[in-house]
Amino acid sequence: MHDIRSLRDDPAAFDAGLARRGLEPRAAELLALDDARKAAIAALQQAQERRNAASKEIGAAVARKDPGAADALKAEVGAIKQAMPALEAASSAAQAALDLELAAIPNIPATDAPEGRDENDNVEVRRHGEPPRFANSFKPKEHFELGEALGLMDFETAAKLSGARFVILKGALARLERALMQFMLDLHTTEHGYTEINPPVLVRDEAMFGTAQLPKFRGDQFRAIRQLDYNEGFGSAVAESNTGGAQPFQSTKEFWLIPTAEVAMTNMVREQILDERKLPLRFTAGTLCFRAEAGAAGRDTRGMIRQHQFEKVELVSITTPEQAAEEHERMTACAEEVLKRLGLHFRTVALCAGDMGFSARKTYDIEVWLPGQNRFREISSCSVCGDFQARRMNARSKAADAKATRFVHTLNGSGVAVGRALVAVMENYQTPDGSIEVPEALRAYMGGIDRIVKAN
RNA sequence: GGAGACGUGGCCGAGAGGCUGAAGGCGGCGGUUUGCUAAACCGUUAUAGGGUUGUAAAGCCCUAUCGAGGGUUCGAAUCCCUCCGUCUCCGCCA
């Protein structure tokens, strides 16, 4: 969420930031909305001021037993009140018009985010390890070929239960996914200083607004509706529920399924004033994530790369403005460490301004090597959001000796995507006989199993 | 799911249609006194928005806010409704 006052101070800088994302200038239009809003507020406040003053005079007139004066004043207030609803409506409409626009504009890129339009302009900043070597004659398989051949990965049965973009893992492969999550959480909590969180995965509108999934990315999300009177046949299970009221945030019976634990963990500090001596806060959680993948039709339709439901270990930091940039590097290194210990080849790229997500000021993607696809695939994305989300959440901090509060800075990163890590381990540790070696770092979590073989 | 109680500033807590942006206490900040510390005493201490003066720091005026949103009223922390949240008892449940 952008600050209309700083936009007022420097509209050119705002438009320049949007231009770096490949977007049209918006400042002039927003400032016009802001002027309209201020005019509407002034008109309303003028009416309120007179009403309040007259009402006090009525009290005084009644006290000195002057009914004539009181009645005259009542008539005046009555007239003012006639006009008030229109003024109130105009004022809140003007505010809403501005907020609607501001809430749907992405964050301004940091000065050191690379220039560029799309993924082709991203900048590789480092690379670790190298691709695994296979015998010349051996063509590495993709993870779903391996998993299905092992009898431990079943997309067909999952489709019977839930449709496309779901999977059933079995036996040692199910355990491998569990092992990966445990390993990552243990690493981040015991060595990287993150506090483990087990958050709700169902959240309300405000939380989704806070991290900016709402209002713009509504269509990418799943909702959970509590159906109170479920007796009109199965069709009603998916019937559109009626929220009704004018208040935007009043539903208790509808939730959103989190698309990432970032939503839950970042919103833990919403509407709070934090002591800056306690920053940065570092949280990690391994949760299920739910994404509608709207607009991804036809992409990654096979396999586990792009599912409606997947597991991810997420990292979130809450910092002061001064700490944010360094924390971003640190967080990215924490995510990279996961891949290093798993012995996976990866590269880290800085996303260009045109390719970054909505809330980000600067983003590093970590891409892991997948031999079956013969290419790098995103497995983690670490972003600094500045005060963009903090404004939406009203999350502030205060220095020990300061009077004023200021917005915190928020960061989030995958540390890392568990489903994709499973894919990476399978493809990188496959052997010609179709079995999969278990990386050293995971063996303790696998009860000592060092190889995953075909189920009998 | 049923029944009931409650939600007031950083915290505790009064207030039950106008004199209340809100008593009192704690805490914070500034000061006086004081070998030091402590104590005592005095003062001060919400947030957001709009307007205005000023280069600025800041000041002044106004509006809104007593969980949130509506309503009644000339006037609402106070009365009514809805929602959110907390607590108690019962029921159900992993």
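Letters A, B, ... mirror the listed sequences (proteins, then strands); counts begin at 1. This one's a predicted model, so the numbers in the text were calculated from it and none came from an experiment. Heavy atoms only: backbone and side chains are in, while hydrogens, waters and symmetry mates are out.
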**OP:** Measure from CG on A:D275 to P on B:G28 and round the result to the nearest Å.
**Re:** 15 Å
Original post:
How are the rings of A:H188 and A:H192 set relative to one another: parallel (under 30°), tilted (30 to 60°) or perpendicular (over 60°)?
Top reply: tilted
**OP:** Determine the interatomic distance between P on B:G21 and the same-named atom on B:A46; round to the nearest Å.
**Re:** 15 Å
**OP:** Could you list by number each residue of residues 53-62 of chain A showing a heavy-atom separation from RNA chain B of less than 4.0 Å, or answer none if no residue does?
**Re:** A:S55, A:I58
What donor-acceptor contacts under 3.5 angstrom involve side-chain atoms of residues 83-94 of chain A, with partners at least two apart or in another chain?
from  : atom 1 : to    : atom 2 : distance (Å)
A:S92 : OG     : A:E88 : O      : 3.1
A:S92 : OG     : A:A89 : O      : 3.4

Original post:
When you compare B:U73 with B:C89, how far apart are their C1' atoms, in angstrom units rounded to a whole number?
Top reply: 38 Å
Subject >> Euclidean distance for P, B:G71 against B:G31 (whole angstrom) >> reply: 49 Å
**OP:** Could you tell me whether A:E276 and A:R406 have a side-chain N and a carboxylate O separated by less than 4.0 Å?
**Re:** yes
Original post:
Can you tell me if A:R443 uses its side chain to pair, donor with acceptor, with the backbone of A:V438 under 3.5 Å?
Top reply: yes
Subject >> Spacing of the C1' atoms in B:G70 and B:U65 (rounded, Å) >> reply: 16 Å
Original post:
Hey, which of these two, A:V77 or A:E88, hits RNA chain B nearer its 5' end, going by closest nucleotide?
Top reply: A:E88
Original post:
Are any of the side-chain nitrogens in A:E57 or A:R50 under 4.0 Å away from the carboxylate oxygens of its partner?
Top reply: yes
Subject >> Spacing between A:Q48 atom CD and B:G21 atom C1', to the nearest angstrom >> reply: 16 Å
**OP:** Verify the neighbour count for atom CD of A:E326: are there more than 12 heavy atoms of other residues, nucleotides or ligands below 6.0 Å?
**Re:** no
**OP:** Scan A:R37 against the nucleic acid and name what it touches under 4.0 Å (heavy atoms): base, sugar-phosphate only, or nothing.
**Re:** sugar-phosphate
**OP:** Can you tell me the distance, in whole Å, between the CZ atom of A:R391 and the P atom of B:U47?
**Re:** 17 Å
Original post:
Using atom C1' of each nucleotide, how far apart are B:C11 and B:U88 to the nearest Å?
Top reply: 24 Å
Subject >> Any A:R8 side-chain N or O less than 4.0 Å from OP1/OP2 of B:G50 >> reply: yes
**OP:** Verify whether the ring centers belonging to A:H409 and A:F388 lie closer than 6.0 Å.
**Re:** no
Subject >> Residue A:N52, side-chain atoms from C-beta onward, closest of B:A64, B:G49, B:G50 >> reply: B:A64
Subject >> Protein-nucleotide distance (A:Q95, atom CD; B:A64, atom P), rounded to Å >> reply: 16 Å
**OP:** Please measure how far the P atom in B:C81 lies from the corresponding atom in B:C6, and state the result in whole Å.
**Re:** 13 Å
Original post:
Under a 4.0 Å N-O cut-off, is there an ion pair linking A:D15 with A:R26?
Top reply: no
Subject >> Proximal nucleotide (of B:C74, B:G85, B:G50) relative to the A:Q45 side chain >> reply: B:G50
Subject >> Bracket string, RNA chain B, 5' to 3' - pairs by Watson-Crick or G-U geometry under 3.5 Å, | interstrand >> reply: ((((((((.[[[..)..(.....]]]((((((.......))))))((((((((....)))))))).[[[[[..)....]]]]])))))))....
Original post:
Rounded to whole angstroms, how far apart are NZ on A:K74 and P on B:U73?
Top reply: 12 Å
**OP:** Would you classify A:D71 as touching base, sugar-phosphate or nothing, given that sugar-phosphate means primed atoms plus P, OP1 and OP2, and contacts are heavy atoms under 4.0 Å?
**Re:** nothing
Original post:
Rounding to the closest angstrom, what is the interatomic distance between B:C26 and B:G43 at atom P?
Top reply: 14 Å
Original post:
Stepwise, does the side chain to side chain contact (heavy atoms under 4.5 Å, CB included) test hold for A:V316 with A:M268?
Top reply: CA-CA 10 Å; A:V316 160; A:M268 291 201 303; over 6 Å; no
Original post:
How long is the line joining CG of A:L98 and C1' of B:G50, in whole Å?
Top reply: 14 Å
Original post:
Looking at B:U73, B:G50, B:A48, which one has an atom nearest to any side-chain atom of A:K81?
Top reply: B:U73
Original post:
Rounding to a whole Å, what distance do you find between A:L44:CG and B:G51:C1'?
Top reply: 14 Å
Original post:
So, A:R396 and A:E271, do they make that salt bridge, N to O below 4.0 Å?
Top reply: no
**OP:** Return the nearest nucleotide to the side chain of A:R51; candidates are B:U47, B:A64, B:C62.
**Re:** B:A64
**OP:** Counting heavy atoms from C-beta on, name the nucleotide in B:A64, B:G49, B:C62 closest to the side chain of A:E49.
**Re:** B:C62
Subject >> B:G7 and B:C60, which share atom name C1', separated by this distance in whole Å >> reply: 36 Å
**OP:** Round to a whole Å and report the spacing from CD1 of A:I41 to C1' of B:A48.
**Re:** 11 Å
Original post:
Within a reach of under 6.0 Å around CD of A:Q46, are more than 12 heavy atoms found that belong to other residues, nucleotides or ligands?
Top reply: no
